[in-house]
Asks: 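Quick one: the structure is below, and I'll ask about it shortly.
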Amino acid sequence: MVPAHQGGGLMRADLLAEPIAGLDEALTAVDSFDRALVSGLLRPRPAEAAGLADIARAVAGTPLAARVTEAAEKAAAGAAGEDHFVALAAARTALLGSVHDALMERVEEAAGRSRGDGTVPAPGARQESNLLAAARSWLSDLARAGWRGIDHDLVSGAAPVVSAMLPDPALRRPAALLDGFAAELAASCPGAALDRIPARRWADLWSRAMLLTVPGAGEVPVTGRATGRLLPLGVDVHEHPTAVQAQVHAVFEPADGTAPRLVRASVSVPKPDTVLGAGLWQLLRPHMSLLAALGDGRSMDLTGMPLTAEGDLLWSDAHARRGEPADALTTARVALSTATASPTAPLDRHPARIAVPVFLEGYEARTDGEELTFAVAGHGLAVDTDRVPAAGPLTPEAVAASKACVGLLRWDDGTYSVQPLAVETLVRKKAVAVHAGAWAGGTADKAGVRAEKAATDAAAVLRERAGRLLRK
């Protein structure tokens, strides 16, 4: 973190190495349930029944206890219905939520940052949708078959449900999840032939999708309007063969003088699998002016921008205009340590979703083979350069040569790591900032220009083909 004489405090990296009570036990119960899903719950064997009992015991004493116990007993007997599978998914999500909360408490203690008061309000009750019920039925069939039992006939059952859900904006979130999940499963069929099954990942996707079939479960209502100055820290790019999302992390300074807070702004678009690298910005840029401002190193002035309790700006260009120059590293040095974090929505409480903006300085970069670590106050912190997008000039070499870094602190299966968003390095004895999102607003870099041209050509070909099909 920022040295004390600059207004912050050193990161207590030693705290990240200390064990957390109960964490291993919670993850062991989750793993037991995940192993049951591998073989399926149509005719569970004793090992699968034991995994179901483990997750029921893990939530004993909580409001879920009675429903999960009943669901585990029904599933062990091969007689579970859709409501029972929803209860089991809820129990698994609650356990991982407790892991998330314990890790976040430790991260905030290490970073010397406070979390804002309040909770995310529960969404209002919504009427059951036939399409959500159809999705829940397909997910229940998956649980009965297990990952070893998937085949193309079973997986293809998601296609008509997804096609019917996508036109409805209210159902687009679960539809996108189901679409990507089904595509992963289809690429792995038949399950009986798989040498290795990503049990934790597929169980994550299954349980999240199952809970999203509960009407209103995934909604985070707008709780306020943001008016003030937005100072971008960096952009995280999530890429899938058929979709891409850019999520900008920033510090928001309210115009009324209240404490600054950490916020996010995201944009997602479908994409052809031929568009890669810097070509992604061409798809994303027209939908959010913040990306161009980020690429140009500028702040944004917001007026009445919708804001959720979780700290997500529901971006609309009508509520934003370009502001003064603002360097991400300067923002991190001056404002990051005083910004408060927002509470996390119940369905988003998962260790894999931890992405806490931090500022590191005065570390020593060490390379061991392909592994890069930052020695922070005598403790090693892994650097996840694999997450740095190819759609920008930030490279592993620039990270390894850096002396300061704005990044996202993450946790993955027992290990903390930092994902660089921007670094400060020396070029000819001069400090130079390199940002992962530097090409978001356009670039004169040769590699970026080539990628943008390739994306333009690919999009033109697809539009021509689509027009030809429509004419037929």
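The figures that follow rest on heavy atoms only: side chains count, while hydrogens, waters and symmetry mates do not.
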Asks: What's the shortest heavy-atom distance between M305 and L314, and which atoms?
Replies: SD-O, 3.6 Å
Asks: CG of L88 to NZ of K74: how many Å apart, nearest 0.5 Å?
Replies: 13.0 Å
Asks: Between R144 and L42, is there a donor-acceptor pair closer than 3.5 Å when you use the side chain of the first and the backbone of the second?
Replies: no
Asks: With no hydrogens and no angle check, is any side-chain donor or acceptor of S156 less than 3.5 Å from a backbone partner on H152?
Replies: yes
Asks: Does the pair D317 and H319 meet the rule for a side chain to side chain donor-acceptor pair (under 3.5 Å), with working shown?
Replies: CA-CA 5 Å; D317 283 347; H319 296 280; over 6 Å; no
Asks: Please report the interatomic distance CG(L307) to CG(L313), rounded to the nearest 0.5 Å.
Replies: 5.5 Å
Asks: Say you draw a straight line from CZ of R264 to OG of S342; how long is it, rounded to the nearest 0.5 Å?
Replies: 7.0 Å
Asks: To check you understand the geometry: which heavy-atom pair defines the closest contact between E48 and G40, and what is its length?
Replies: CG-O, 4.2 Å
Asks: Do the side chain of S402 and the main chain of V399 share a donor and acceptor less than 3.5 angstrom apart?
Replies: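 Confirmed, S402 side chain pairs with V399 backbone.
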Asks: Is there side-chain contact between L262 and H249, with at least one heavy-atom pair below 4.5 Å?
Replies: no
Asks: Could you state the interatomic distance from CD1 (I354) to CZ (R410), rounded to the nearest 0.5 Å?
Replies: 9.5 Å
Asks: What's the separation between atom CD in E82 and atom CG in D141, rounded to the nearest 0.5 Å?
Replies: 8.0 Å
Asks: For R173, is there an ion pair with D348 - N to carboxylate O distance below 4.0 angstrom?
Replies: yes
Asks: What I'd like to find out is whether the side chain of L230 reaches to under 4.5 Å of the side chain of L290, using heavy atoms alone.
Replies: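 They are in contact (side-chain heavy atoms under 4.5 Å apart), so the answer is yes.
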Asks: Is a salt bridge present between D384 and R387, judged by a nitrogen-to-oxygen distance below 4.0 Å?
Replies: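 Here D384 pairs with R387 in a salt bridge, since their nearest N and O are under 4.0 Å apart.
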Asks: Taking all non-hydrogen atoms of both residues into account, name the closest pair between H435 and A328 and its distance.
Replies: CE1-CB, 3.7 Å
Asks: Taking it one step at a time, do L381 and L409 satisfy side chain to side chain contact (heavy atoms under 4.5 Å, CB included)?
Replies: CA-CA 10 Å; L381 180 63; L409 189 64; 4.1 Å; yes
Asks: Taking atom CZ of R67 as the centre, does the number of heavy atoms from other residues, nucleotides or ligands within less than 6.0 Å exceed 12?
Replies: no
Asks: Please enumerate all residues that pass side chain to side chain contact (heavy atoms under 4.5 Å, CB included) together with T415, with sequence neighbours excluded.
Replies: none
Asks: Indicate yes or no: does D101 engage R349 in a salt bridge with an N to O separation below 4.0 Å.
Replies: yes
Asks: Give the ring-plane orientation class for F181 versus W138, where under 30° counts as parallel, over 60° as perpendicular and anything between as tilted.
Replies: perpendicular
Asks: Taking all heavy atoms of A76 and all of L52, pick out the closest pair and write down the distance.
Replies: N-CD1, 3.6 Å
Asks: Which residues satisfy the side chain to side chain donor-acceptor pair (under 3.5 Å) test with E105, sequence neighbours excluded?
Replies: none
Asks: With sequence neighbours left out, what residues match D54 under side chain to side chain donor-acceptor pair (under 3.5 Å)?
Replies: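 S32, R57.
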Asks: Do T395 side-chain atoms and A398 backbone N/O form a donor-acceptor pair below 3.5 Å?
Replies: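 Pair found, side chain donor or acceptor close to backbone of A398.
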Asks: Centres of the W202 and W147 rings: under 6.0 Å?
Replies: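 Yes, ring centres under 6.0 Å apart.
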Asks: Taking the side chain as every heavy atom from C-beta outward, state whether V383 and S417 have any atom pair closer than 4.5 Å.
Replies: no
Asks: Is there a donor-acceptor pair under 3.5 Å between the side chain of D151 and the backbone N or O of D153?
Replies: yes
Asks: Return the CZ to CG distance between R172 and D179, rounded to the nearest 0.5 Å.
Replies: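 Interatomic distance, R172 CZ to D179 CG, rounded to 0.5 Å: 12.5 Å.
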